[in-house]
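Notes for the one structure printed next.
Predicted model, so just to flag it, every value in this text is computed and none were measured.
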Amino acid sequence: MKKRKRDSSINTCSDRVAVALCDVIFLLRRRRQLFPFIFAISGCILLFFVAFSLLSSPPPVTRHRFLLRRHHSSENEGTLLGDLWGSKESKFYYGCSAPSDKFHPAQVKTHPNRYLLIATSGGLNQQRTGITDAVVAAYILNATLVVPKLDQKSYWKDSSDFEEIFDVDWFISSLSRDIEIIKQLPKKKGKVLNPHNMRVPRKCSPKFYESHVLPILNKKHAIQLTKFDYRLANKLDTDLQKLRCRVNYHALKFTDPIRHIGKMLVERMRLKTKHFIALHLRFEPDMLAFSGCYYGGGDEERTVLGALRKRWKSLHASNPDKVRRHGRCPLTPEEVGLMLRALGFGSDVHLYIASGEVYGGRETLAPLKALFPNLHSKETLASKYELEPFSSFSARMAALDFIVCDESDVFVTNNNGNMARILAGRRRYFGHKPTIRPNAKKLYKLFVDRNNMTWEEFASKVRTNQIGFMGEPNEVKPGRGEFHENPAACICEDSEAKARELLTPQNQTLGNHRKVDTHGSEAEDHLNDNDLDWSDMDYIDNGYTLQAKK
């Protein structure tokens, strides 16, 4: 019977194509009862894979999976620097801190019966700003400076004296033309002078010192200014600014043991790679608590950081979302890694990590290590025996990191704290070595939305937003921002060399090359916004809480 139906169907077709079509129709009619069964099986398989994907744990670095799949595309992309490891413009600028003819030397102006002492505050770099300003304050007061006392009562209980961190004899001799410095107060009638303690407000002008401090100094003969950090105005006349530079960049030299180990760390990095990046990663629990930011750790994070935040009685309740939108949150290790890859640094680049205890430990660092597998620190480069003389002293450990960061080809920071500012200014002074400060306010939006764009789009936007934040000359107008970060009064331009360069045939054919004027731009806003006062972070300036004095 079935054969007859098939023959009947064939007879209705007039050629071979029709016959083939009829065969297909016949088979479909014959097997149409199988379709529901096939659909049911397919649906079960689909449901199984959906359930499996929901229940299985995600890969460890899913948040930047789009980068890891396509990381090869960033290797040859253009960047802001052209040469990632240097700047063509930097050769036209140099540090210049010599005094003018109007600057009176110490032998002419120092009063024989005035002595200034200071008690520094905070971590190593916060204290460094205090020491620098103390020299200027002594010059303003026509006083002899007693070698400053370091903060030994802060969170770490670091017992180091000035001469255990800095070369005290070099400090005294190198500034001998500017001010007189002695190691101890002299005796008067067989007794050591008892200094009068007082505190001046933040960022005082020279006139304040002359009108409020000098009368007491004339009466008491010796004054100790307590909690001395950021107690001198940011803007001073040029000669006083240059004096700041002579102190900070020339007189404050670390002791031989610190410089020896610091140099050793740099040399060991050089053995591994021709160029390296130093990352000052401020992501310690105390740092995050002070910032008032939230990093997705749930109730546990809020409890832990909230308890730490109570140490600062002056801090008000924060709005983490608002703080982050305004660019006031330190970038996470992953975000720093994404920024660097977007700027054009490949996965083979070696990173030196200058940091204390990272909140979240290895888990927090895992995304950064996935992006840059070659991570190093002083603990991985040196043995415990080599670090033993320093490991119990937070300031000495911070000094080692300071040296490596200063000598690095590129310095990167995830915040704008004391060490970041000091190093940014120092690197400007000594040749404008690339110093990358995240434009956190703009980058925030990109990090939030990064999974909704291609890697090429993300990288392009990062490079655009980082214009003015790369340590290039003239990024910021003179006088804008903290002087320690932008010591414009101490940086001179070789205009003749620049003019000769512009007149060379290759430059004339290029015409007006791309030059971005960031004067008055967000780069300046970043230096002048109403940010958290990082100088108030007294005992967390360096972030070496694990290295506290035992």
Side-chain angles (χ1 to χ4, degrees), residues 85-87 89-91 93-98 122-136 165-167 170-171 174-175 229-230 232 234 236 240-255 258-259 262-263 265-266 269 276-280 282 352 354 395 398-437 469-476 478 480-493 523 527 534-535 541-542:
W85 304 104
S87 168
E89 290 287 309
S90 64
K91 60 186 175 183
Y93 298 87
Y94 58 95
C96 52
S97 57
L124 175 64
N125 294 287
Q126 189 169 329
Q127 293 184 78
R128 191 181 186 114
T129 64
I131 296 167
T132 298
D133 287 348
V135 173
V136 180
I165 303 294
F166 301 106
D167 186 331
W170 172 261
F171 178 72
S174 64
L175 293 171
D229 58 344
Y230 297 95
L232 188 61
N234 185 52
L236 303 173
L240 293 182
Q241 297 288 52
K242 287 181 178 291
L243 177 55
R244 267 178 165 162
C245 294
R246 292 197 293 278
V247 180
N248 200 359
Y249 306 138
H250 298 284
L252 285 175
K253 185 171 70 173
F254 292 122
T255 60
I258 291 175
R259 288 191 296 123
K263 182 180 178 181
L265 294 173
V266 174
M269 284 298 297
F276 73 92
I277 296 173
L279 167 61
H280 184 222
R282 293 306 315 275
Y352 178 90
L400 296 178
D401 276 342
F402 187 97
I403 292 172
V404 181
C405 289
D406 186 36
E407 292 293 329
S408 66
D409 300 284
V410 174
F411 173 63
V412 184
T413 176
N414 71 327
N415 75 105
N416 199 37
N418 293 301
M419 181 169 170
R421 290 176 176 177
I422 290 288
L423 276 168
R426 183 179 178 86
R427 290 170 69 87
R428 288 182 188 276
Y429 183 82
F430 289 108
H432 282 87
K433 292 186 288 184
T435 301
I436 301 174
R437 298 171 295 117
F469 291 80
M470 304 294 290
E472 291 278 317
N474 294 328
E475 276 186 345
V476 185
R480 300 296 296 273
E482 286 288 342
F483 181 78
H484 296 294
E485 183 174 6
N486 183 37
C490 303
I491 297 174
C492 296
E493 179 181 0
L527 295 174
W534 298 108
S535 61
D541 177 63
N542 299 317

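- Contact record, I258 with L400: O-CD2, 3.5 Å, taken as the closest heavy-atom pair.
- The shortest heavy-atom contact between S87 and P473 is OG-CD, 4.1 Å.
- Within the 4.5 Å cutoff, no side-chain heavy atoms of R421 are placed close to those of T413.
- Every residue two or more places apart in sequence or in another chain that forms a disulfide bond (SG atoms under 2.5 Å apart) with C490 is listed here: C245.
- For F483, there are no ring-ring contact (aromatic ring centres under 6.0 Å, His included) partners at least two apart in sequence or on another chain.
- In this structure K263 satisfies the side chain to side chain donor-acceptor pair (under 3.5 Å) test with no other residue, sequence neighbours excluded.
- Going from atom CG of L232 over to atom CG of L240 covers 8.0 Å, rounded to the nearest 0.5 Å.
- Summarising the geometry, atom CZ belonging to R428 is positioned 12.0 Å from atom OG belonging to S90; distances are rounded to the nearest 0.5 Å.
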Test side-chain contact (heavy atoms from CB on, under 4.5 Å) on Y230 and N418; report intermediate values, then the result. CA-CA 11 Å; Y230 297 95; N418 293 301; 2.5 Å; yes
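- Counting only distance, with no hydrogens or angles, the side chain of W85 and the backbone of P434 share no donor-acceptor pair below 3.5 Å.
- Results of the ring-ring contact (aromatic ring centres under 6.0 Å, His included) test with Y429 over Y249, Y93, Y94 single out Y249 as the only residue that passes.
- Panel note: side chain R246, backbone S97; a donor-acceptor pair is recorded below 3.5 Å.
- How far CD1 of I491 is from CG of N486: 6.5 Å, rounded to the nearest 0.5 Å.
- No side-chain donor-acceptor contact under 3.5 Å links E472 to the backbone of H432.
- Separating the OG1 atom in T435 from the CZ atom in F469 is a distance of 13.5 Å, to the nearest 0.5 Å.
- The backbone N or O of M470 sits less than 3.5 Å from a side-chain atom of E475, completing a donor-acceptor pair.
- Across all non-hydrogen atoms, the minimal contact from R282 to N415 is CG-ND2, 3.0 Å.
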Decide side-chain contact (heavy atoms from CB on, under 4.5 Å) for H484 and T132; before the verdict, give the C-alpha distance in whole Å, the side-chain angles of both, and the deciding distance to 0.1 Å. CA-CA 10 Å; H484 296 294; T132 298; 4.2 Å; yes
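- Annotation: side chain of N416 is not in contact with side chain of E482 (no heavy-atom distance under 4.5 Å).
- The cationic group of R128 lies under 6.0 Å from the six-membered ring centre of F254 and within 45° of the ring axis, placing it in a cation-pi geometry.
- Aromatic rings from F166 and F171 are positioned such that their centres are separated by 6.0 Å or more.
- Under 4.0 Å is where a charged nitrogen must lie from a carboxylate oxygen, and between R244 and D133 at least one such pair does.
- Of all the heavy atoms in N248 and R426, the pair that sits closest is O-NH1, 3.8 Å.
- Considering all non-hydrogen atoms of both residues, V412 and I277 come closest at CG2-CG2, 3.6 Å.
- Here the shortest heavy-atom pairing between V404 and G262 reads CG2-O, 4.2 Å.
- Atom-to-atom distance recorded for L265:CG and C405:SG is 11.0 Å, nearest 0.5 angstrom.
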Residues M269, E407; criterion side-chain contact (heavy atoms from CB on, under 4.5 Å); working and verdict: CA-CA 10 Å; M269 284 298 297; E407 292 293 329; over 6 Å; no
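- No donor-acceptor pair closer than 3.5 Å links the side chain of D229 to the backbone N or O of G130.
- Distance check, rounded to the nearest 0.5 Å: CD1 of I165 to OG1 of T255 gives 6.5 Å.
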Any chance you could lay out the side-chain contact (heavy atoms from CB on, under 4.5 Å) test for D406 and K433, step after step, and finish with the verdict? CA-CA 9 Å; D406 186 36; K433 292 186 288 184; 4.1 Å; yes
